[in-house]
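Data first, discussion second: the structure below is written as structure tokens.
Any value given below was found using the heavy atoms of this structure, including those in side chains, with hydrogens, waters and symmetry copies removed.
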Amino acid sequence: MESQLNELIDFLKSPRSDVRQMAASYIVGFSKPGSEYFAFLKANAERLVRPLLVICHETPIAANSAMSTLVNLTTDTTVCRLLADEDSLSMIVTLITVPSSMIADTTCMLLSNLTKLDAICRLLDTLNVSEVPGICNSPKAMDQLTDVFVKGMDKQYNKNAQFSFLASVFADMTNFPFGRRYFLERTAYDGKLPITKIMVFSEYPDIIRRGG
């Protein structure tokens with residue numbers, strides 16, 4: 001089976017999009033934490049992470065399979081470290097905030113896994129990304145994530161996403177002084193305290209959003 005999985009991993013980098021997408025749809029089934037194949041895929045994570053991120057920009061079905069595989073693999077923090085760079089994190093934030101994204105919620109789950117790693121929280125605190133019309137006039141990633149969390153409630157921003165898993169991202173960020181400062185200081189673009197935007201969800205029916 002390992003030789004077949006090796007082939008699947010190689011197919012993720014095929015020049016043919018149909019081959020890449022088929023490989024992504026197969027490999028997700030082997031990536032579940034606790035499965036007999038998880039350890040093998042984790043050991044080969046360096047070969048998997050970049051190709052899977054590329055496939056996240058392809059057809060919705062393939063993108064969902066690729067992102068789900070990344071979510072499964074990043075339950076292990078050693079895999080999270082492979083995504084601890086500005087380019088990867090910028091791509092992930094954009095996949096969350098673009099209103100047409102079909103995998104925004106799954107990507108929120110990925111970011112929730114990643115912020116269990118201190119280095120990624122530090123990167124996210126200072127990260128700037130391209131502004132997305134309809135969210136806020138700020139290049140700061142945390143500003144965009146906070147506003148999409150608020151505006152995305154009940155699929156009001158993206159009909160395919162609730163953004164509830166961002167609540168646990170915010171909780172992870174507040175384990176650090178810089179994260180607490182972010183939520184307790186007024187933002188430059190609208191003069192509001194981010195904490196006041198998310199406090200209203202402390203009694204929200206969705207346990208994931210409320211729990212964070």
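- Shown here for P194 and Y182, the closest heavy-atom pair between the two residues is CG-O, 3.4 Å.
- Interatomic distance, L41 CG to N72 CG, rounded to the nearest 0.5 Å: 9.5 Å.
- Distance alone, capped at 3.5 Å, is enough to place a donor-acceptor pair between the N158 side chain and the S101 backbone.
- No single ILVMFWY cluster, assembled from side-chain heavy atoms under 4.5 Å apart, contains both M22 and V54.
- Contact detail for G152 and F163: the closest heavy-atom pair is CA-CD1, 3.6 Å.
- Residue M173 qualifies as enclosed at atom CE: its count of foreign heavy atoms under 6.0 Å is above 12.
- Following chains of ILVMFWY side-chain contacts shorter than 4.5 Å, one can reach F183 starting from M199, so the two form part of one hydrophobic cluster.
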Report the C-alpha separation of N6 and R47 in whole Å, then their side-chain angles, then the decisive distance to 0.1 Å, and conclude whether the side-chain contact (heavy atoms from CB on, under 4.5 Å) test is met.
CA-CA 10 Å; N6 263 318; R47 297 167 57 204; 2.7 Å; yes

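- At least one side-chain heavy atom of L145 sits less than 4.5 Å from a side-chain heavy atom of L111.
- By the salt bridge (charged side-chain N to carboxylate O under 4.0 Å, His left out) test, E58 pairs with R20, sequence neighbours left out.
- Counting heavy atoms from C-beta outward, L166 and I96 have side chains that approach closer than 4.5 Å.
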Evaluation steps, side-chain contact (heavy atoms from CB on, under 4.5 Å), between L110 and L95
CA-CA 11 Å; L110 173 65; L95 284 168; over 6 Å; no

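- Residues I208 and S168 are not in side-chain contact: their nearest non-hydrogen atoms beyond the backbone lie 4.5 Å or more apart.
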Could you check L70 against N113 for side-chain contact (heavy atoms from CB on, under 4.5 Å), going step by step and ending with a plain yes or no?
CA-CA 10 Å; L70 287 169; N113 286 348; over 6 Å; no

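- Q144 places a side-chain N or O within donor-acceptor distance of the main-chain N or O of S138, the cut-off being under 3.5 Å.
- Under the 4.5 Å side-chain contact rule for hydrophobic residues, V49 and L123 share a cluster.
- Within a 6.0 Å sphere centred on NZ of K116, heavy atoms belonging to other residues, nucleotides or ligands number more than 12.
- Here the straight-line distance linking atom NZ of K32 with atom OG1 of T75 works out to 13.0 Å at 0.5 Å rounding.
- With sequence neighbours excluded, no residue satisfies salt bridge (charged side-chain N to carboxylate O under 4.0 Å, His left out) with D125.
- To the nearest 0.5 Å, atom NZ of residue K140 and atom OG1 of residue T146 are 9.5 Å apart.
- The side-chain heavy atoms of I9 and L48, taken from C-beta on, include a pair separated by under 4.5 Å.
- Checked by atom type and distance alone, the side chain of N160 never pairs as donor or acceptor with a backbone atom of M102 at under 3.5 Å.
- Using a 4.5 Å heavy-atom threshold, the side chains of T97 and V129 count as separate.
- Summarising the local packing, CD of E86 is surrounded by 12 or fewer heavy atoms from other residues, nucleotides or ligands at distances under 6.0 Å.
- Atom CG of N137 sits in a sparse spot, with 12 or fewer heavy atoms from other residues, nucleotides or ligands closer than 6.0 Å.
- For the pair L117/L83, no side-chain contact is recorded, criterion being any heavy-atom separation below 4.5 Å from C-beta on.
- For D76, the salt bridge (charged side-chain N to carboxylate O under 4.0 Å, His left out) test picks out K42, with sequence neighbours left out.
- Smallest separation of non-hydrogen atoms from A24 and L12: N-CD2, 3.7 Å.
- Sorted by first and then second residue, the ring pair (Phe, Tyr, Trp, His ring centres under 6.0 Å) pairs involving residues 121-150 (not counting sequence neighbours) are F149-F170, F149-F201.
- For the atom pair CG (D154) and CZ (R209), the distance works out to 7.5 Å, reported to the nearest 0.5 Å.
- Here the CZ atom belonging to F165 is positioned 12.0 Å from the OG1 atom belonging to T115, to the nearest 0.5 angstrom.
- No side-chain donor from either of S164 and Y204 sits under 3.5 Å from a side-chain acceptor of the other.
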Run the side-chain donor-acceptor check on residues 60-68: report pairs under 3.5 Å with partners two or more places apart or on a different chain.
from: S65; atom 1: OG; to: I61; atom 2: O; distance (Å): 3.3
from: S68; atom 1: OG; to: N64; atom 2: O; distance (Å): 2.8

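- The backbone N or O of L193 sits less than 3.5 Å from a side-chain atom of T196, completing a donor-acceptor pair.
- The environment of M91 atom CE is dense: over 12 non-hydrogen atoms of other residues, nucleotides or ligands sit within 6.0 angstrom.
- M153 has its side chain out of reach of V200: every pair of non-hydrogen atoms, C-beta onward, lies at least 4.5 Å apart.
- Of the inter-residue distances, the one linking Y26 atom OH with Q4 atom CD reads 11.5 Å to the nearest 0.5 angstrom.
- Taking both residues in full, the closest heavy atoms of G212 and A171 are given as O-CB, 3.7 Å, listed atom of the first, atom of the second, then distance.
- Grouping the Ile, Leu, Val, Met, Phe, Trp and Tyr side chains by contacts below 4.5 angstrom, directly or via other members, places V19 apart from I55.
- Classification of R50 and D85 as a salt-bridged pair holds, one side-chain N sitting under 4.0 Å from a carboxylate O.
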Can F178 and R122 be said to form a side-chain contact (heavy atoms from CB on, under 4.5 Å), step by step?
CA-CA 8 Å; F178 57 78; R122 295 180 191 284; 3.4 Å; yes

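- By the 4.5 Å heavy-atom criterion applied to side chains, S130 and T94 are not counted as neighbours.
- Across all their heavy atoms, Y157 and P133 have their closest contact at OH-O, 4.2 Å.
- In the hydrophobic clustering of this structure, Y37 groups with L52; members are Ile, Leu, Val, Met, Phe, Trp, Tyr whose side-chain heavy atoms approach within less than 4.5 Å, directly or through other members.
- For R180, there are no salt bridge (charged side-chain N to carboxylate O under 4.0 Å, His left out) partners two or more places apart in sequence or in a different chain.
- Contact record, T74 with V71: OG1-O, 3.2 Å, taken as the closest heavy-atom pair.
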